[in-house]
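Since the structure comes first, as structure tokens, the remarks are kept for the end.
Proteins get letters first, then strands, A, B, ... in listed order; numbering begins at 1 in each.
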Amino acid sequence: MTSTTPADPGPLTAAIPKAYDPSETEEEVTKRWTTAGVFAAEPRTGDDQTPTYSIVIPPPNVTAALHLGHALNNTLQDVLIRYHRMLGHRTLWMPGTDHAGIATQTVVEKRLLSEGVKRLEMGRDAFLAKTQDWKDEYEAVIIEQLLAMGASCDWERTRFTMDEMCVTAVRHAFYTLFQDGLIYRGKRLVNWDPVTRTALSDDEVEMEEIEGHMWYLRYPLSDGSGHVTVATTRPETMLGDTAVAINPADPRARALRNKSVLLPIVDRVIPIVEDDYVVMADPDSSDGKAKYATGFLKVTPAHDPNDWEIGLRHELPVINVMGPDGSISSEHGWEDTSSEAQEFVGLSREEARSAIVAWFDERGLLEEVRAYTHSVGHSYRSHVPIEPWLSDQWYVAVTDDRLRGSALRAQNPTQSPALPDDAGHRTDAPGDGAMTFHPDRYARTYHAWHAGIRDWCISRQLWWGHRIPVWVRLQPIEDAGPEIGAAVADAAVDEPVFIESRWVAAGAAHLARKVTETEVEEAVCVPPGSSLRRLDRTDSTMDEAALIAAIETDGFVQDPDVLDTWFSSGLWPLSTMGWPWPEDFPETVGLLESFNPTSVLMTAREIITLWVSRMTMFNRYFRQGQLPFDDVFIHAMIQDGHGQKMSKSLGNGVDPRDIIHTHGADALRFTLVQMTTDTQDVRMPVDLICPHTGEMFTPEFITTSAGHVVAAPTQTSPNEPTKSMVSAYGVATGAVTATTDVPLARNTSSKFDLGRNFANKVWNATRFALSRIDPGHAPSITVDPSSADGSTTFADQWIIARLAQSLGVIEEALANYQFNVYADTLYDFIWRDVCDRYLEAVKPTIDGNADQQAVLGAVLDAVLRILHPVCPFVTEALWPHVAAVRTGEIVGVALPPSELAASARWPVVEPLASAGLVVDTFDRADRLVGAIRTLRSSRNVKPKQRVTLHVPASVRELIAASDGMIETLAGVGDVVDFAAGDDRPPAASPLPFEGVEVLVSGLVDELDFDAERARLQKLIEAKATQVRGFEQRLANPGYVTNAKPEVVAETRERLETTRNDLRAAEAALTALTN
RNA sequence: GGACCGUUAGCUCAGUUGGCUAGAGCGCUCGCCUCACACGCGAGAGGUCACUGGUUCAAGUCCAGUACGGUCCA
């Protein structure tokens, strides 16, 4: 060891400011990554067996900027991606965005409407151009946000669900499913949104509690012998009634058998049918339905899903009395319109409701009206009540075993309930039983959803989306030609039949079905050109355009609808990797083989059904059973400070850029990771930043009529009462607009101080190291911490032992998605161990100790590496500085050099053989340090003042073993021997420690005997209570016989040491009193 | 109506198979501008683990129920 003068804080050190300023480093660090191209994924080639790791981003909707929920989602993905990249895996994080059909169309339409432009007036092409602009704008915002957060996606591969690659996948998937009989068109009741005029899938319908009414309407029997009373919440639908139903068990049923009623207004004679579905009247029932029921149910198959089922059972006619806008209409299947009924045609459903109730009331046919609270489906987009409406829609037969059964069989059998009888058995086939949920309770959510699944309505009456690749022709059977006629001759109405036509010879798929007994509808599905070229077809003269032109010439018209957004999202893990024809997009060659199945899908739980299920079905169907992902990790949902879901309409969503602005990206990330446990929800109280003064304040809250607690639209500056600002809630509701004088207040939250302070701590620990390591000092040194030659200090051995321990905990935590354990372990190791203990302990020795400088450099290097996945910016910024002061090698600690932290290898640390003893010794020493510090603090001893320790032999050994650490950390000057019988030094405070007495002198000039005695008395009482507790436990025979032997032994040991402590304290008190 | 989650310090949250004196961060109190960091250092106070009952030698932890809050599904 050569001695050196303290390192001169050279230019490098001087250049590092005292506090970490994220805004100055983040952009520059991002550039370093981009320039180096470290995020680019390289698929495996040849017989390369390097492990792979891949994630496809849940593509954010291009409707709006990302909020904290996205920040959480993407941070967790980035942690895993960066970690596996450091492990040396071939790593792909696929970025992209979702066109979000209905959601985007709605926001664009709203924006246009505010400018006075209507979608229908501007036309399809112009509207799509506007929507494309919107998409471009928000896609750019989203990518900017992800970059600002440090997401290490392979940006060169950024996809969009409507780009060329995804279009090909959608077209090919649709064609394949169509060809395989898994896509069909049918007249069904759909969830109709009369405002956006589109069908919605079941998942897009939100149930809301409505305080409405139950109307009791009298329907006269057609033989004039009386009437029946039906109860309904939707009187307007009575125009389409085609029966009245009664439960066969109802005592009145026999008398009414084979009778009919004359439907008022319409004068339609409709039968009384008997059906088990009907709830019998029971005024005393606790069940709302029975309580309000009359026992008679009006049956409207065209306007109620349950009535539809009843209609099927009793072969009732289906009469649709509404148009697509929800108004009463006689043009959509209602033919027996009486002149009386004509009065109601054209009314909106709300107007019709009042008018019909009034009509019944005027004629004495309204028996009663009662208040009634019930759930009503609402459109998740327009928020108006859904109208069950009969229309032609396209469906995917997800109830088919090839989809539903396959999705169920994918589940890891150890965490899902038994497969339903109709779902077959798991086999050795790829993917079966291989999909695992974390936390595992979500496996049941997934399972339960598939148990009750219905066919998936995929057509949407929108413009923004993937156009349905089907051309349709409807005509009388006799006009359709002999082949079609023959093909459908024996088929039932609505039963699809595949046709072998010239379109099929040219590569299309061709279906026909009778719509009625006399009309046939043909549908021709055209695959994308790239698939067409590869087909083995008998007529290969036509390319895609020619084929479509020919079909259209023959009178076919392309379906105007687009596909449900989730159809393209469901293909995301496939389409982004170039499926089905990667060779057409050369950059995607090899991706599927290397990276699908992806390693994990990270998402919030609300999307398990919508998305996870469909990706599983599609990926397995199109890739021979292969799963889209092995694991599904469901993370928490971030709520606001009042336990409310963050939503656009409440304006309580927080833009991650606001947090990055006040705290930095690393602080954002670290805090989010630190709060990720396996619970469902986390609360995030949010404050505002006054745009006038820059100070943080808690906004004034108001309660909305719906009971939500939100920031008042206008807020007053806390210290400038004349100035005001608007809240995001105010802007979201349109109550206020931000102006120059009254600007929008940005959000912040003191929750993120945790991460900001931590990043700053790392920054300063590094600054310390840079000022104390002399890089020219023995650069080729080799330090062996396991060597007993005294070349490494106790502190050095201990910190390496702790590094190894922490690494083990972190690796296990990340393997099990325990993100908070990862963050907490980092925090403890870096702050408590490295900074509070290690750095403090080495201060007196490091300047002259080249070995210690090498250890410190290595520890800092390792810290940057293990912290990098969660705090990539500060670690990358410090990386070159730490690399510059690395000297020598530490035996057993592998930290290979790297240009960038982002491409560095994860540390490998071999555990020291003596680690257990070293850590034990440290813990004992640390307890002694703590006891001395407490004593010092209670006497107000200045930090610089040294105290003298008088110790018995056992403590002398501990002090020697810990190599000066106790003296440094506790501010101890001299240590002198002291045995039980020795004369007591003057003004020395007794300190019972490990059952022996230690004396501390030099604290004060004069001892306050009363205070000393009181302190000891308190300690004695505490120890005595503990001793009694242990004694009682051991006196209990049940404990001694039943508890695990090691637990009992531990209790005995603890009793022993506590007794010794008690004795030592009592002896000290006696000595003090004499 | 069904399912799931939560209720632990003033606040936000940890607490793996039941077993040391129930932990952290913030806030609070006291003392420190101790030559990396006041976004800091040292010390401390603060909890009937929502409630009721049960299982057990032993319950924050397991079981049953209640209350309140939240989410998803119908």
Would you say [X] reaches [N]'s phosphate, i.e. side-chain N/O to OP1/OP2 under 4.0 Å?
X         : N      : result
A:Arg772  : B:rA36 : yes
A:Asn1042 : B:rC57 : yes
A:Lys944  : B:rC32 : no
A:Thr1041 : B:rC57 : no
A:Thr679  : B:rA14 : yes
A:Arg1033 : B:rU21 : yes

Remember a base hit wins even if backbone is also touched, and classify [X] as base, sugar-phosphate or nothing at under 4.0 Å, heavy atoms.
X         : result
A:Val682  : sugar-phosphate
A:Arg832  : sugar-phosphate
A:Thr677  : sugar-phosphate
A:Asp836  : sugar-phosphate
A:Gln639  : sugar-phosphate
A:Arg1054 : base
A:Lys942  : sugar-phosphate
A:Arg936  : nothing
A:Phe758  : nothing

Taking [X] for the side chain and [Y] for the main chain, is one N or O donor matched with an acceptor at less than 3.5 Å?
X         : Y        : result
A:Asp1061 : A:Gly995 : yes
A:Asp640  : A:Arg683 : no
A:Asp861  : A:Gly857 : no

Nearest whole angstrom, please: distance from the [atom2] of [N] to the [atom1] of [X].
X         : N      : atom1 : atom2 : result
A:Tyr838  : B:rA36 : OH    : P     : 15 Å
A:Leu1055 : B:rU21 : CG    : P     : 12 Å
A:Arg441  : B:rU71 : CZ    : P     : 16 Å
A:Arg756  : B:rG40 : CZ    : C1'   : 12 Å
A:Arg683  : B:rG25 : CZ    : C1'   : 18 Å
A:Phe819  : B:rA24 : CZ    : P     : 25 Å
A:His635  : B:rC5  : NE2   : C1'   : 16 Å
A:Tyr827  : B:rA14 : OH    : C1'   : 14 Å

Side chain of [X] - closest among [options]:
X         : options                : value
A:Lys761  : B:rU21, B:rA43, B:rA36 : B:rA36
A:Asn757  : B:rG25, B:rA36, B:rG40 : B:rG40
A:Pro943  : B:rC37, B:rU34, B:rG42 : B:rU34
A:Tyr1039 : B:rG19, B:rU21, B:rA36 : B:rG19
A:Trp831  : B:rG40, B:rU12, B:rU21 : B:rG40
A:Ala1043 : B:rG40, B:rU12, B:rG19 : B:rG19
A:Cys835  : B:rA36, B:rC4, B:rG42  : B:rA36
A:Leu754  : B:rU34, B:rG25, B:rG19 : B:rG25
A:Asn764  : B:rA36, B:rC4, B:rG70  : B:rA36
A:Glu1050 : B:rC37, B:rG70, B:rC20 : B:rC20

Do A:Lys751 and A:Met684 make a side-chain contact, defined as non-hydrogen atoms from C-beta onward lying under 4.5 Å apart?
yes

Are A:Asp687 and A:Thr698 close enough that a side-chain donor and a side-chain acceptor fall under 3.5 Å?
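Yes.
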
Quick check on side-chain contact (heavy atoms from CB on, under 4.5 Å): which of A:Ile810, A:Asp824, A:Val863 does A:Phe829 satisfy it with?
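Of A:Ile810, A:Asp824, A:Val863, side-chain contact (heavy atoms from CB on, under 4.5 Å) with A:Phe829 is met by A:Val863 alone.
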
A:Tyr446 and A:Phe437 aromatic ring geometry - parallel, tilted or perpendicular at 30°/60° bounds
tilted

Quick one: on RNA chain B, does A:Asn760 or A:Arg444 contact a more 5' nucleotide (nearest heavy atom)?
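In this pair, the answer is A:Arg444.
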
I want to confirm an ordering. Mapping A:Val941 and A:Asp753 to their closest nucleotides on RNA chain B, which one lands closer to the 5' end?
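That would be A:Asp753.
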
Under-4.0 Å salt bridge between A:Lys843 and A:Glu840:
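A:Glu840 and A:Lys843: salt-bridged.
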
Mind checking who B:rC72 pairs with, Watson-Crick or G-U wobble, both distances under 3.5 Å?
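The base-pairing partner of B:rC72, which may sit in any strand shown, is B:rG2.
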
